[in-house]
Visitor: 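Please find one structure pasted underneath; my questions will follow.
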Amino acid sequence: MQSPYANKNILVMGLGVHGGGLGVARYMGRNGANVRVTDLRPADKMQDSVDALAREGFRVEYMLGEHREADFRWADLIVWNQAVPLTSPWVKLARQLGKPLETEINIFLKLCPVPVIGITGTKGKSSTATWTWEMLRHWRPDAILAGNLRVSALEMLPRIIPGTPVVLELSSFQLEGLEEPRISPHLAAVTNLSPDHMDRYKSMEEYGAAKKHIFLYQHSEQGDCLVLNSDDPVVSSWADEAPARVIWFGIGEAKGRPGMFVERGIFNWRGEHDTRIVVESVDALEMPGEHNLRNAACAAALSMLAGAPIEAVRFGLRSFRGVADRQEYLRTVGGVRFYNDTTATTPASAIAALNAVE
């Protein structure tokens, strides 16, 4: 079947250096579109991305170091990078010109032939998304992990067949783009919420509003589900706004809530009729820290809701070794253990890392 983008003029607004814009340009070019890239950064800052596109074999036009109104007028569709805020005057120009605006994640969610698991939160989303994928791939080796991990979701589309589990880590920036098309992942999870990106958002309320797009457009009649942290007072309050079923995760007694709870050192799956499945002991985990118990509980809940057998969930709980730059054990020198926690860029994440060290 011919791609809906064949012979269309596609303007990629923001090529970037982390893979998102590059993935869009590759996807569009491979599907026969006329691709033009515009980015405020000069060519010498974008050379790796430009070289990567040059190896594709299709023609790409570039306007680097500036944006031009003529390029926006030329476009049939504008795909804007997550780093570009919706308040950008160029986004406003596109709207004034009546041009369709999309993001990579929007396009992917519309085209993906299988249900998608989406995970967001201030901290823990990378670990939780990767841990979920770890569990699912023990069940389905073709499981996909993409999104805010420098992995283009669109470039994964050709690998997805019926039944393939798909896990996306989604940032607040990416979720901003879900409002206009009113689309959310079929399975969504929020790990926690604490101050972050206050250079982009005017308040915590505005930041939280961006995160809520991961579930606001779910549909209960389609079996969609939202997984929330019962230990986070802000996140747990969002259950009242959920249009679909809510499942929980946390540490302590379930108190009648269905979901995955760490109770007396055991991961327990609590069914909606108070049935209980003993999943695994916390002693089986390789990852230290109370915050990782919550990450594991969230991942296990999502995996079970996605249909993974309990054996795959147990295996994934035991086999996960963490994500690079996140409490990554390096080595022991002179009796001192060294960890790389480069991503601990907020007080909340630094405190969680310190508390994890016994």
Side-chain angles (χ1 to χ4, degrees), residues 3-5 8-16 20-21 23-25 27-28 31 33 35-39 67 69 71-113 115-121 125 146-148 152-154 157 166 168-190 197 200-203 205-222 224 226 238 241-244:
S3 166
Y5 304 107
K8 299 291 186 181
N9 295 336
I10 307 297
L11 182 67
V12 179
M13 181 188 178
L15 181 61
V24 172
Y27 179 81
M28 293 300 178
N31 282 274
V35 179
R36 186 177 294 181
V37 171
T38 180
D39 198 297
H67 293 321
E69 183 175 334
D71 297 321
F72 286 76
R73 291 188 178 276
W74 166 86
D76 295 316
L77 171 67
I78 298 166
V79 185
W80 55 275
N81 191 290
Q82 66 178 46
V84 180
L86 287 170
T87 55
S88 163
W90 297 99
V91 172
K92 293 179 180 179
L93 173 63
R95 297 189 193 283
Q96 291 169 2
L97 294 172
K99 300 294 184 176
L101 279 165
E102 292 279 14
T103 67
E104 181 200 12
I105 297 302
N106 289 357
I107 296 171
F108 177 81
L109 290 176
K110 291 176 182 178
L111 296 179
C112 186
V116 171
I117 300 169
I119 299 163
T120 195
K125 56 185 180 293
N148 193 47
S152 169
L154 278 177
L157 269 176
V166 176
L168 298 182
E169 179 197 331
L170 297 170
S171 70
S172 59
F173 296 176
Q174 290 170 316
L175 291 169
E176 287 177 22
L178 302 187
E179 183 175 14
E180 287 192 15
R182 300 180 68 81
I183 186 171
S184 293
H186 298 282
L187 278 177
V190 185
H197 303 303
R200 177 143 168 170
Y201 300 105
K202 297 176 182 177
S203 64
E205 289 73 20
E206 187 175 286
Y207 173 49
K211 292 288 191 186
K212 289 179 185 179
H213 292 144
I214 199 169
F215 68 85
L216 285 178
Y217 314 112
Q218 289 185 318
H219 301 278
S220 59
E221 67 275 9
Q222 295 177 11
D224 294 350
L226 171 63
W238 293 355
E241 302 176 58

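We count residues from 1, following the sequence as given.
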Visitor: Verify whether one side chain among Glu104 and Ser152 offers a donor that lies under 3.5 Å from an acceptor in the other.
Guide: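 Yes, Ser152 and Glu104 have a side-chain donor paired with an acceptor closer than 3.5 Å.
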Visitor: With a 4.5 Å limit on heavy-atom distance, are the side chains of Glu176 and Tyr201 in contact?
Guide: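 Yes, side chains in contact.
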Visitor: Taking side-chain hydrogen bond (donor to acceptor under 3.5 Å, both in side chains) as the test, write out the residues that go with Gln218, two or more places apart.
Guide: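 By the side-chain hydrogen bond (donor to acceptor under 3.5 Å, both in side chains) rule, Gln218 matches no residue at all.
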Visitor: Could you note down all residue pairs passing ring-ring contact (aromatic ring centres under 6.0 Å, His included) where residues 92-112 supplies at least one of them, sequence neighbours left out?
Guide: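 Applying ring-ring contact (aromatic ring centres under 6.0 Å, His included) to every pair that reaches into residues 92-112, excluding sequence neighbours, yields nothing.
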Visitor: I'd like to check the side-chain hydrogen bond (donor to acceptor under 3.5 Å, both in side chains) partners of His186; sequence neighbours left out, ordered by chain and number.
Guide: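 Here the qualifying residues are Asp224.
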Visitor: Could you pull out all residues at least two apart from Glu179 that satisfy side-chain hydrogen bond (donor to acceptor under 3.5 Å, both in side chains)?
Guide: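 Listed in chain order: nothing, the list is empty.
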Visitor: Apply ring-ring contact (aromatic ring centres under 6.0 Å, His included) to His219 and list each qualifying residue two or more places apart in sequence or on a separate chain.
Guide: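 Once residues adjacent in sequence are excluded, His219 has no partner under the ring-ring contact (aromatic ring centres under 6.0 Å, His included) criterion.
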Visitor: Who are the ring-ring contact (aromatic ring centres under 6.0 Å, His included) partners of Trp90, not counting sequence neighbours?
Guide: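 Per chain and number, Trp90 pairs via ring-ring contact (aromatic ring centres under 6.0 Å, His included) with His67, Phe72.
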Visitor: Arg73: what forms a side-chain contact (heavy atoms from CB on, under 4.5 Å) with it, not counting sequence neighbours?
Guide: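 With sequence neighbours excluded, Arg73 shows a side-chain contact (heavy atoms from CB on, under 4.5 Å) to Glu69, Leu97, given in chain and number order.
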Visitor: State whether the number of non-hydrogen atoms from other residues, nucleotides or ligands found under 6.0 Å of Lys99 atom NZ is greater than 12.
Guide: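 Result for NZ/Lys99: enclosed.
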Visitor: Once salt bridge (charged side-chain N to carboxylate O under 4.0 Å, His left out) is applied, do any residues pair with Lys110, and if so which ones, sequence neighbours excluded?
Guide: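 Lys110: salt bridge (charged side-chain N to carboxylate O under 4.0 Å, His left out) contacts with Glu102.
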Visitor: For Tyr5, check ring-ring contact (aromatic ring centres under 6.0 Å, His included) against everything at least two apart and list the hits.
Guide: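 By the ring-ring contact (aromatic ring centres under 6.0 Å, His included) rule, Tyr5 matches no residue at all.
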Visitor: Quick one: list whatever passes salt bridge (charged side-chain N to carboxylate O under 4.0 Å, His left out) with Asp71, sequence neighbours left out.
Guide: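 For Asp71 the salt bridge (charged side-chain N to carboxylate O under 4.0 Å, His left out) partners, ignoring immediate neighbours, are Arg36, Arg68.
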Visitor: Assess, by modelled atom type and distance only, whether the side chains of Lys125 and Thr120 contain a donor and an acceptor separated by less than 3.5 Å.
Guide: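 On atom types as modelled, these side chains do not qualify, holding no pair under 3.5 Å.
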Visitor: Partners of Ser203 by side-chain hydrogen bond (donor to acceptor under 3.5 Å, both in side chains), sequence neighbours excluded?
Guide: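 By the side-chain hydrogen bond (donor to acceptor under 3.5 Å, both in side chains) rule, Ser203 matches Glu205.
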Visitor: Holding to salt bridge (charged side-chain N to carboxylate O under 4.0 Å, His left out), I want the full list of residues that pass it with Glu206, two or more places apart in sequence or in another chain.
Guide: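 Scan of Glu206 (salt bridge (charged side-chain N to carboxylate O under 4.0 Å, His left out), adjacent residues dropped) gives none.
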